[in-house]
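Data first, discussion second: the structure below is written as structure tokens.
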Amino acid sequence: MERRGATVTGFACAKCGREYAPGEVALTCGDCGAEGILDVLYDYDEIAREFSRADLERSRENSHWRYLPLLPVGSEETLPVLRTGWTPLYHAEGVLGLPHLYVKDDSMNPTASLKDRATSVAMARAVEEGVSAVAAASTGNAGCSLAGFAAAQGLPCYIFVPANAPAPKVAQLLVLGATVFAVDGSYDDAFNLASEAIATFGWYNRSCAVNPYLVEGKKTVAHEICEQLDYDVPDKVFVPVGDGCIMSGVYKGFAEFERLGFTEKVPELIGVQAEGCDPIRRAFDGSCELVPCEADTCADSIACGHPRNWRKAVKGVRASGGRLTAVGDDAILDGMARLAKSTGVFGEPAGVTAFAGLVQAVREGSVTPDDTVVVLMTGSGLKDTESAMRAAGEAVSVGRSLEDVERAIRERAEI
Ligand SMILES: *Cc1c(COP(=O)(O)O)cnc(C)c1O
Ligand SMILES: [Zn+2]
């Protein structure tokens with residue numbers, strides 16, 4: 001029998017809570033407009049009747065399609081082919097003095113970031129809808145991800161990036177065949193221009209700000225953590241936060257497994273922003289509406305001054321009993337080198353921001369060696385080699401003689 005994904009029973013507005021039947025609403029809430037992004041609803045009793053932990057134990061699917069019964073996609077035949085998800089969860093035993101530390105390496109996705117989880121679900125929907133082209137505004141990774149999936153699908157792809165996007169990401173976009181518009185401005189300017197172009201040309205919109213299906217893909221990272229820890233939910237999960245879509249997905253994934261009876265709790269979720277761009281943390285701490293800001297951080301993938309998924313993210317963090325925090329660029333670059341040297345996992349600045357937040361939490365004593373902690377590592381360090389060089393220092397210059405090498409080794413030993 002052909003397998004199908006979950007049946008969507010409706011949508012709920014993340015701002016006012018108004019519910020819509022499938023087909024009743026196009027993109028965002030009719031009452032709240034652009035502020036009212038939607039959450040996808042399912043009938044979990046129905047899902048629980050057909051989907052169990054035993055099914056997962058038997059599953060030989062080594063991608064996130066192993067959670068197809070919880071995903072809003074149709075037949076298996078239209079699923080994108082690039083293998084996404086089921087990334088490694090490494091036990092980083094003893095790192096930072098924590099015996100129960102785990103690192104979820106989502107740079108092991110097809111275009112080397114967690115964004116692929118979202119793109120694969122969005123692309124499955126786009127193919128079902130028979131779209132002729134896809135588009136997005138992106139700080140880099142969402143675009144690279146869309147470009148990769150569009151290439152595999154043979155669809156034209158249009159990406160709007162801020163002009164200061166790291167060169168390796170622009171190279172990745174171009175080599176994957178996307179048409180790249182480098183916008184003279186910030187990510188938020190790129191976002192606004194992309195929205196106009198998408199409306200004008202009728203492209204499929206892969207933007208977390210309007211497309212409710214992206215959170216659905218991102219939630220699978222939480223499903224995987226549960227399975228990989230044998231359903232023993234960790235105490236704390238550290239998550240980098242830019243727009244807030246990953247955090248929204250992480251909460252939803254854990255909440256779903258609890259709702260289905262697969263696990264007993266949702267972990268405390270700790271969202272980490274960059275100090276140079278932390279509007280969600282400020283809204284959380286002040287219990288107020290979001291105030292957009294100018295972004296100033298080396299962690300370009302979370303340099304999102306006007307986040308659109310902040311309400312969902314804040315709601316999820318609150319429900320989990322967690323909090324939001326922020327770290328400076330120095331701590332991020334230090335975290336980049338530290339994580340790589342202690343675990344072999346090489347992340348870009350935004351990718352290691354959650355780890356930098358954990359370093360801070362251990363120093364402050366809010367995380368102790370008794371805690372079981374998972375850190376999400378969301379993107380490959382090769383996407384931003386300039387930051388990597390800033391984090392890692394210089395190569396040792398030597399002549400062609402062995403004595404040079406010996407002297408250099410002695411000098412380093414003395415340091
Ligand atoms: C997009 C991205 C994030 C942040 O995700 P949001 O959903 O915008 O909060 C973090 N890390 C990397 C590597 C990303 O590409
Ligand atoms: Zn609404």
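Counting starts at 1 for both ligands and their atoms, in listed order. Both backbone and side-chain heavy atoms feed into the values below; hydrogens, waters and symmetry mates do not.
Between the SG atom of C13 and the SG atom of C32, the angle taken at the Zn ion (ligand 2) works out to 110° after rounding to 10°. Rounding to 10 degrees gives 110° for the angle at the Zn ion (ligand 2) between SG of C29 and SG of C16.
Considering only non-hydrogen protein atoms, atom 4 (C) of ligand 1 sits nearest to I302 CG2, 3.6 Å. Atom 1 (C) of ligand 1 has as its closest protein heavy atom K115 NZ, 1.3 Å.
Of the heavy atoms in I246, both backbone and side-chain atoms come closer than 4.0 Å to ligand 1.
A side-chain donor from one of N141 and E348 sits under 3.5 Å from a side-chain acceptor of the other. When only modelled atom types and interatomic distance are considered, H64 and E224 share no side-chain donor-acceptor pair under 3.5 Å. Residues R259 and Y44 bring no donor and acceptor atom of their side chains to less than 3.5 Å of each other. Side-chain atoms of N211 and Y204 include a donor-acceptor pair closer than 3.5 Å. A donor-acceptor pair shorter than 3.5 Å can be found between the side chains of N109 and D106. Side-chain polar atoms of Q360 and T325 form a donor-acceptor pair below 3.5 angstrom. Neither side chain, S207 nor R308, offers a donor N or O lying under 3.5 Å from an acceptor on the other.
Listed by number with element, the atoms of ligand 1 under 4.0 Å from a non-hydrogen atom of T378 are 10 (C), 11 (N), 12 (C), 13 (C). Under a 4.0 Å criterion applied to the non-hydrogen atoms of N141, ligand 1 contributes the atoms 13 (C), 14 (C), 15 (O). Distances below 4.0 Å separate heavy atoms of V241 from the following atoms of ligand 1: 9 (O). In the vicinity of G379, heavy-atom distances shorter than 4.0 Å reach the ligand 1 atoms 13 (C). Atoms of ligand 1 lying under 4.0 Å from any heavy atom of C245, numbered from 1 in the order shown and given with element: 6 (P), 7 (O), 9 (O).
Taking any N or O of G242, backbone or side chain, at least one lies under 3.5 Å from an N or O belonging to ligand 1. Polar contact with ligand 1: present for G244 (N/O pair, distance under 3.5 Å).
Here R125 does not pair with E216 in a salt bridge; the nearest charged N to carboxylate O distance is not below 4.0 Å.
Under a 3.5 Å cut-off, the side chain of T119 and the backbone N or O of S145 do not form any donor-acceptor pair.
The aromatic ring centroids of F160 and F181 lie less than 6.0 Å from each other.
Close to ligand 1: E348, with a non-hydrogen atom less than 4.0 angstrom away. Using a 4.0 Å heavy-atom cutoff, K218 is listed among the residues neighbouring ligand 1.
Summarising the contacts of atom 6 (P) of ligand 1 with D243, T111, L114, the nearest heavy atom is found in D243.
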